[in-house]
Amino acid sequence: MTQATADACEQITSKTEEFVRSDRMPHIWCPGCGIGTTVNCFTRAIEQCGVDLNKLAIVSGIGCTGRVAGYLNLDSFHTTHGRAIPFATGLKLSNPDLKVVLYSGDGDLIAIGGNHFIHAARRNLDITVICVNNFNYAMTGGQVAPTTPIDAIGTTAPYGVCERSFNLPFLADSCGAVYVARWTAFHVRQLTKAMVEAVNKRGFSFVEVITPCPTLYERRNRLGDGLARMEWYKENSVIKHDADTRECDIDFQGKIVCGKFVDKEDVPSLLQKRNQKTEELRVKGIACD
Amino acid sequence: MSAEQKGVLTGAHYLDGDHACSEGAIVAGCNFVAGYPITPSTEIVERIAWRFPATGGTFIQMEDEIASSITIQGAVWGGAKAMTVSSGPGISLMMEHIGFAAMTETPCVFVNVQRGGPSTGLPTLPAQADMMQARWGSHGDYEIIALSPNSPQECFDLVIEAFNFSEKYRSPVMFMMDESVGHMTEKVVIPTPDKIKTIPRKFTSKAPGDYKPYEVSSGLVPDMCKAGDGHRIHITGLTHDEKGYPVMNADCQEKLLTRIVGKIRDNVDDIAMYDEDEIEGADVVVISYGITSRISMKAIRAARQQGVKVGHIRLIVVWPFIENYVKKLAGKVKALVVPEINLGQVVLEVERCAAGQCKVVSVPHAGGAVHEPETITKAILEAVK
């Protein structure tokens, strides 16, 4: 390592540490796991956003990604399985000055929490949802998720999955999300930028990050280690901004469409609409001052 | 502290129990409600949705009861006083989050307007069959506080107590109404704010960096804070230490659960609320709660007219159970008679406390109606023999 590289590494480490609870290290994630990479991007993103860290709350559900909340030095809430979004709904509505970011996994957000996900998007609730998609339930040992590509193997589908998987950008888009992007753990700069945009967006913003789970999904499907997976993402990602989200399905070992797909302006967020309603009621003398 | 002026409809009203419960919650300082429609509790959230603009509260109808039961807890950590409202099927869905509230010590109120069950059961008819669910419904060891009003007036008065207990003990509180009380319309008097005692949240006075969300300075209840105050708290449903950090071992589990359970168990005398009537010298004592207490009063009068010395304990707080009181009482009477609109729930607790010192007679009712007073009178007359 050259001195310049070492200095750069040192600088990166010290910056990240500001945002991380070092007294909670070491973390639980496996070598080659992509979650840590996304957290690194997130710490850069919140730094770039210039948001007051005392006014930024992070909410997670249960699972490997669910542990993110516990490692970030912010007001952090590690809730129940699938229910991070409704918790965040209460937090944001009762304390609108907070920026509320959801950080959770595909199983948590989209399977058990799927109902809350679609309704939060429909409401255009003022939160950011970051979904780390590693194609399986990792914390419990590699079971299939609604995101596991058809024909891939998991412990609960040892002969391959017969169900179609969710296309998350399409799901978010069709339910009304005003910002939708997808990147992989390889695309750290693009991901960071997407996180900045999502956090600064008013309304329901959604970022999906495809990450490797070398211990379970990659190993069981014989897809190589974390590094091999980065190379695979590099070769097989197709960057297509503004792509029609209907065309963002992920097949087993198929191309991964990445980019910013949705970035709508002028759609009133839930809080904007509520504030407007309250103002109307105030004029009529119904709402209190 | 007395109630804030904003939102208190001082005066005499003609309200049903559901509407009275909404007004009581507002007076208690409740400024966040999440709910999902379900008979026979819907009128509570309807009134809240109608009234909240004038009181500065936030109501949101969630996509289901699971969501409602944790949305309120997000709101509490955002600084609100919050409740959710439901009935049997919805309360069953909320159970995990009653456990989450117990584990994270999040003060909040769960209103259950009980109807006949199990499953969809009797949506429009009364029952008191969720009493053991209220006590034990979520997994793991925890204690709960549960109140049982017997009139619209008490739906108003006692929901304020429910909020007060939730703040004092940093605990979820179950407000166990039933369909009869919820849909019964009677006179409800709302006092002037200065006559209403409300307990505000005890926020920490510590500076960021010094505060730990589960550290107790005195007693067993830690001070609260809210998100955005710079404390950078971590709250988890996992077993945790004083900082709120997960610690996966038996020592931490024991320390945490001993305190969480102890803060209720050690304060039964403070939490207990009950009415006593002619206990001294009684041969039989009826133990009742909720709507059944009113039927019992008629039954008891009839038995007294026949010369039986009958006393009456009306449980206002059902959980934690007044164990020591019932233990002593059981040593002085021939029988304890327990009518309830279920096939025998609180009677099990009475039997446990009586521990064979006297007869314990269950007067069950499967639900869908209240008891005929004669059924209870008959049970009293049989018991005294």
Side-chain angles (χ1 to χ4, degrees), chain A residues 21 23-24 52-60 62 66-67 69-100 112-113 115-116 118-120 122-123 125 270 274 277-278 280-282 284-289, chain B residues 6-7 31-34 50-82 84 96-97 99-100 103-104 106 108 208 213 225-238 240 243-246 248:
Chain A
R21 292 189 167 119
D23 56 347
R24 289 227 45 219
D52 176 356
L53 296 184
N54 287 332
K55 297 288 177 193
L56 175 64
I58 185 138
V59 185
S60 289
I62 299 294
R67 294 302 182 96
Y71 298 135
L72 288 172
N73 189 19
L74 303 166
D75 280 323
S76 58
F77 300 93
H78 181 226
T79 65
T80 51
H81 193 27
R83 317 305 169 193
I85 287 180
F87 185 96
T89 305
L91 188 62
K92 179 68 185 177
L93 293 181
S94 75
N95 200 334
D97 292 342
L98 295 173
K99 279 261 184 208
V100 178
I112 189 167
N115 196 28
H116 312 308
I118 62 175
H119 283 280
R122 171 185 65 79
R123 291 183 179 111
L125 176 69
L270 176 62
R274 288 176 77 108
K277 182 72 72 186
T278 304
E280 285 168 22
L281 293 175
R282 195 170 282 135
K284 288 180 188 168
I286 294 169
C288 67
D289 291 318
Chain B
K6 197 168 67 182
N31 56 1
F32 194 98
V33 173
W50 171 60
R51 288 271 288 130
F52 260 4
T55 68
T58 297
F59 170 72
I60 184 163
Q61 182 173 318
M62 292 305 289
E63 51 273 15
D64 58 31
E65 291 91 344
I66 302 176
S68 302
S69 59
I70 193 154
T71 298
I72 59 167
Q73 300 187 49
V76 168
W77 285 102
K81 272 192 175 185
T84 187
E96 184 183 10
H97 293 138
F100 187 74
M103 189 60 146
T104 56
T106 302
C108 51
C225 77
K226 64 178 196 292
D229 283 353
H231 295 290
R232 311 267 187 104
I233 47 168
H234 183 58
I235 303 301
T236 176
L238 287 167
H240 45 268
K243 282 170 102 171
Y245 288 2
M248 300 294 101

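Note that the coordinates shown come from a computational prediction; the quantities given were computed from them, not determined experimentally. Residue numbers start from 1 in every chain, and the chains themselves are labelled A, B, ... in the order their sequence lines are given, proteins ahead of strands.
- Your options are A:Leu270, A:Val100, A:Asp23, and the one with the most heavy-atom pairs under 4.5 Å with chain B is A:Asp23.
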B:Glu63 vs A:Arg123, test: side-chain contact (heavy atoms from CB on, under 4.5 Å). Steps then yes/no.
CA-CA 11 Å; B:Glu63 51 273 15; A:Arg123 291 183 179 111; 2.8 Å; yes

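- Annotation for A:Lys55 and B:Gly228: closest pair NZ-O, 2.9 Å, computed over non-hydrogen atoms.
- Of the two parts of A:Leu281, only the side chain, counted from C-beta on, holds a non-hydrogen atom closer than 4.5 Å to a non-hydrogen atom of chain B.
- Comparing A:Ser60, A:Gly70, A:Gly113 by heavy-atom pairs within less than 4.5 Å of chain B, the highest count is held by A:Gly70.
- Chain B forms the most heavy-atom pairs under 4.5 Å with one residue out of A:Thr278, A:Asp97, A:Thr80, and that residue is A:Thr80.
- Considering only heavy atoms from C-beta on, A:Pro86 stays 4.5 Å or farther from B:Gln73 through its side chain.
- Contact record, B:Glu96 with A:His81: OE2-N, 4.3 Å, taken as the closest heavy-atom pair.
- Note: A:Phe77 and B:Trp77 have tilted aromatic rings, judged against thresholds of 30 and 60 degrees for the angle between ring planes.
- Remark: the backbone N or O of B:Ile235 is not paired with any side-chain donor or acceptor of A:Ser76 at under 3.5 angstrom.
- B:Thr58 places no side-chain N or O within 3.5 Å of a backbone atom of A:Ser94 that could act as its donor or acceptor partner.
- Proximity to chain B is absent for every atom of A:Ile58, based on heavy atoms less than 4.5 angstrom apart.
- The parts of A:Asn73 that come within reach of chain B are both its backbone and its side chain, each placing non-hydrogen atoms under 4.5 angstrom from that chain.
- Neither the backbone nor the side chain of B:Ala34 comes within contact range of chain A, judged by heavy atoms closer than 4.5 Å.
- For A:Arg21, the part lying near chain B is the side chain, with the backbone staying farther off; criterion is any non-hydrogen pair under 4.5 Å.
- No other option in B:Asp64, B:Ile66, B:Thr55, B:Thr71 has as many heavy-atom pairs under 4.5 Å with chain A as B:Thr71.
- If you take OH on B:Tyr245 and NE2 on A:His78, they are separated by 14.0 Å, rounding to the nearest 0.5 Å.
- Contact tally against chain B (heavy-atom pairs below 4.5 Å) for A:Asn54, A:Asn95, A:Val59: the top residue is A:Asn54.
- Of the listed residues A:Leu56, A:Leu98, A:Asp52, A:Leu72, the one with more heavy-atom pairs under 4.5 angstrom with chain B than any other is A:Leu98.
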Working note: A:Asp75 + B:Lys226, criterion side-chain contact (heavy atoms from CB on, under 4.5 Å); need CA distance, chi angles, decisive distance, verdict.
CA-CA 9 Å; A:Asp75 280 323; B:Lys226 64 178 196 292; over 6 Å; no

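- Screening A:Thr79, A:Ile85, A:Thr89 against B:Ile70 for a side-chain contact (heavy atoms from CB on, under 4.5 Å) leaves a single residue, A:Thr79.
- For the set B:Ile72, B:Asn31, B:Ile60, the entry with the most heavy-atom pairs within less than 4.5 Å of chain A is B:Ile60.
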